[in-house]
There are 2 protein chains.
Amino acid sequence: MSLKHAILVLLETEPSSGYDLMRHFKQNLGYFWNAKHQQIYQQLKTLNEEGLITCTIESQVSKPDKKVYAITPNGEAELTSWISSEVKPNKINDALLVKLYGGHLASKPNLLEELDRHITFHTTTLEKLIQIEKTYLNFPPIKQSKYLLPYLTLRRGIIGENAWLSWAKEAKSAIKK
Amino acid sequence: MSLKHAILVLLETEPSSGYDLMRHFKQNLGYFWNAKHQQIYQQLKTLNEEGLITCTIESQVSKPDKKVYAITPNGEAELTSWISSEVKPNKINDALLVKLYGGHLASKPNLLEELDRHITFHTTTLEKLIQIEKTYLNFPPIKQSKYLLPYLTLRRGIIGENAWLSWAKEAKSAIKK
DNA sequence: TTTTGCATGTAAAGGGTTACATGATTAC
DNA sequence: GTAATCATGTAACCCTTTACATGCAAAA
């Protein structure tokens with residue numbers, strides 16, 4: 001259960017609405033945490049009931065009202081304790097690999113097309129991450145060291161996507177033969 | 001929903017009991033699909049009710065009875081149709097990266113210890129995969145080409161774990177500074 | 001004698017997806 | 001006029017984890 005903690009981490013940086021968090025997940029954190037808006041709104045409700053965050057309604061000009069959530073001292077305590085505890089290594093459930101494993105039931109063109117679709121997706125993701133990295137590398141050294149830890153998670157994305165793509169290349173040429 | 005299909009893929013190769021499948025998931029497929037025994041037994045029950053698999057009880061000497069499941073023609077049809085359809089790219093939810101992202105709330109030694117724990121885990125996984133690869137590479141060419149697709153999923157594991165480890169190395173030395 | 005392996009499950013709770021639902025504003 | 005962006009939610013269902021539950025055989 002870490003959507004809870006992912007949200008707390010984001011709120012610890014700055015108070016945000018559910019919609020803000022949603023964008024954050026999509027843009028910045030998408031390569032390591034994903035959540036749908038329904039899940040985020042529900043989780044915010046729960047965290048609010050648990051007293052880990054507070055809610056303030058903000059009126060806006062020519063835009064709907066916003067519910068801005070901020071972390072409470074209790075929330076900070078919960079987050080700090082979680083951050084200091086051990087996390088289990090990630091569970092991997094990869095449907096594409098299940099497909100490949102049983103790929104003798106599909107046609108070769110079918111498999112290659114599917115691989116290409118995924119290659120397109122991963123290439124786009126990698127390009128986005130590289131763009132973000134460029135921004136980071138243009139920061140002055142002080143700002144760079146301030147954002148080192150988020151940058152390292154970005155590096156994980158870049159290294160991971162590169163590895164995925166080189167695997168896909170290998171797999172494609174092996175299947176073609 | 002692919003535990004269903006992961007099980008069908010395995011049963012398509014050979015009839016197995018829930019316990020057999022569980023071992024299979026732990027040993028061979030653990031780097032791309034994970035499931036607990038409770039989930040497997042439940043899913044087998046469902047698949048049986050849906051008529052995608054059949055169940056035969058096998059008595060054994062000095063061991064408990066076994067329920068051996070086999071795929072039915074309906075199951076084969078379902079599996080073939082799934083294999084030929086598109087799969088969504090994997091959702092990534094990585095708690096360790098959430099922790100790192102908010103790592104300013106933890107101590108440096110704490111972060112490094114956690115990284116080391118995960119490095120140990122990934123190193124062990126990689127070693128196991130390399131052992132399996134060695135076995136494959138000693139197969140005669142005909143057998144190699146027969147098991148090419150499962151081998152490619154193994155390659156994904158090896159390339160992925162190598163990438164993870166080189167990231168972790170980079171992350172550790174960046175944090176130490 | 002205690003642990004490991006074989007073999008199977010139920011029940012409750014938690015986490016995540018899909019479908020349904022609304023409504024204003026802004027840009028094309 | 002049509003699509004996208006902003007903004008929030010409920011309900012049903014599906015998937016996964018954790019806790020509880022049993023029992024024999026073999027090996028350490």
Side-chain angles (χ1 to χ4, degrees), chain A residues 1-8 15-27 29-30 32-50 52-53 55-69 82 87-95 98, chain B residues 1-8 15-27 29-30 32-50 52-53 55-69 82 87-95 98:
Chain A
M1 201 222 317
S2 308
L3 171 57
K4 177 176 174 171
H5 301 108
I7 289 175
L8 289 178
S16 318
S17 67
Y19 198 82
D20 293 337
L21 293 173
M22 193 188 75
R23 266 182 312 184
H24 233 271
F25 278 119
K26 239 189 227 162
Q27 288 160 24
L29 313 189
F32 71 79
W33 203 271
N34 287 279
K36 317 244 163 188
H37 78 272
Q38 294 94 327
Q39 218 188 331
I40 294 169
Y41 287 119
Q42 262 176 40
Q43 194 58 234
L44 285 170
K45 198 182 158 192
T46 309
L47 290 173
N48 191 22
E49 282 164 9
E50 289 174 352
L52 304 179
I53 60 177
C55 176
T56 321
I57 290 164
E58 239 178 50
S59 301
Q60 296 183 111
V61 201
S62 76
K63 278 187 193 177
D65 287 1
K66 254 188 180 187
K67 287 190 181 174
V68 177
Y69 294 93
W82 179 76
V87 193
K88 275 186 230 161
N90 244 21
K91 200 188 129 169
I92 297 164
N93 281 20
D94 190 328
V98 174
Chain B
M1 201 225 318
S2 306
L3 171 59
K4 177 176 174 170
H5 301 108
I7 289 175
L8 289 177
S16 318
S17 68
Y19 198 82
D20 293 337
L21 292 173
M22 193 188 75
R23 266 183 312 183
H24 233 272
F25 278 118
K26 238 190 229 162
Q27 289 161 24
L29 313 188
F32 70 79
W33 203 269
N34 288 279
K36 315 244 165 189
H37 78 271
Q38 295 94 327
Q39 217 188 331
I40 294 169
Y41 287 120
Q42 262 176 40
Q43 194 58 233
L44 285 170
K45 200 181 157 192
T46 309
L47 290 173
N48 191 22
E49 281 163 12
E50 289 173 354
L52 303 179
I53 60 177
C55 178
T56 321
I57 290 165
E58 239 178 50
S59 300
Q60 295 184 112
V61 200
S62 76
K63 278 186 194 176
D65 287 1
K66 253 188 181 187
K67 288 190 181 176
V68 177
Y69 294 93
W82 178 77
V87 194
K88 275 185 232 162
N90 246 21
K91 199 188 130 171
I92 298 165
N93 280 22
D94 190 329
V98 174

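All chains are named by letter (A, B, ...) in the order of the sequence lines, taking the proteins before the strands, and each is independently numbered beginning at 1.
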Could you pull out the protein-nucleic contacts involving nucleotides 21-27 of chain D (nitrogen or oxygen on both sides, under 3.5 Å)?
none

Polar pairs (N or O, both sides) under 3.5 Å between protein and nucleotides 11-13 of chain D?
none

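A close approach under 4.0 Å does occur between a side-chain nitrogen or oxygen of Lys88(A) and OP1 or OP2 of dT18(D). For the pair Lys91(B) and dT17(C), the criterion of a side-chain N or O lying under 4.0 Å from OP1 or OP2 is met. When the side-chain nitrogen and oxygen atoms of Lys36(A) are compared with OP1 and OP2 of dT18(C), one or more of them lie within a distance under 4.0 Å. Side-chain N/O atoms of Tyr41(B) include one lying less than 4.0 angstrom from OP1 or OP2 on dT8(C). At least one side-chain nitrogen or oxygen of Lys45(B) sits closer than 4.0 Å to the OP1 or OP2 atom of dT10(C).
Pairs passing the salt bridge (Lys or Arg N to Asp or Glu O under 4.0 Å) check and including a residue from residues 16-27 of chain B, sequence neighbours excluded, read Asp20(B)-Arg23(B), Asp20(B)-Lys66(B).
Side chains of Leu29(A) and Val98(B) form no contact here, defined as non-hydrogen atoms less than 4.5 Å apart.
Applying the side-chain contact (heavy atoms from CB on, under 4.5 Å) test to Lys91(B) and every residue at least two apart in sequence or in another chain returns Asn34(A), Asn93(B). Shown here are the salt bridge (Lys or Arg N to Asp or Glu O under 4.0 Å) partners of Lys67(B), two or more places apart in sequence or in another chain: there are none. With sequence neighbours excluded, the residues forming a side-chain contact (heavy atoms from CB on, under 4.5 Å) with Gln43(A) are Leu3(A), Lys4(A), Ile7(A), Thr46(A), Leu47(A), listed by chain and number. Partners of Tyr69(B) under the ring pair (Phe, Tyr, Trp, His ring centres under 6.0 Å) rule, at least two apart in sequence or in another chain, do not exist in this structure. Every residue was checked against the ring pair (Phe, Tyr, Trp, His ring centres under 6.0 Å) condition with His24(B), not counting sequence neighbours, and none meets it.
Here the C1' atom of nucleotide dG5(C) and the NZ atom of Lys66(B) are 13 Å apart, to the nearest Å.
Comparing Val68(A) and Asn93(A), the nucleotide of DNA chain D nearest to each residue sits closer to the 5' end for Val68(A).
The stretch residues 15-25 of chain A touches DNA chain D through Ser17(A), Gly18(A), Tyr19(A), Arg23(A), each having a heavy atom under 4.0 angstrom from the strand.
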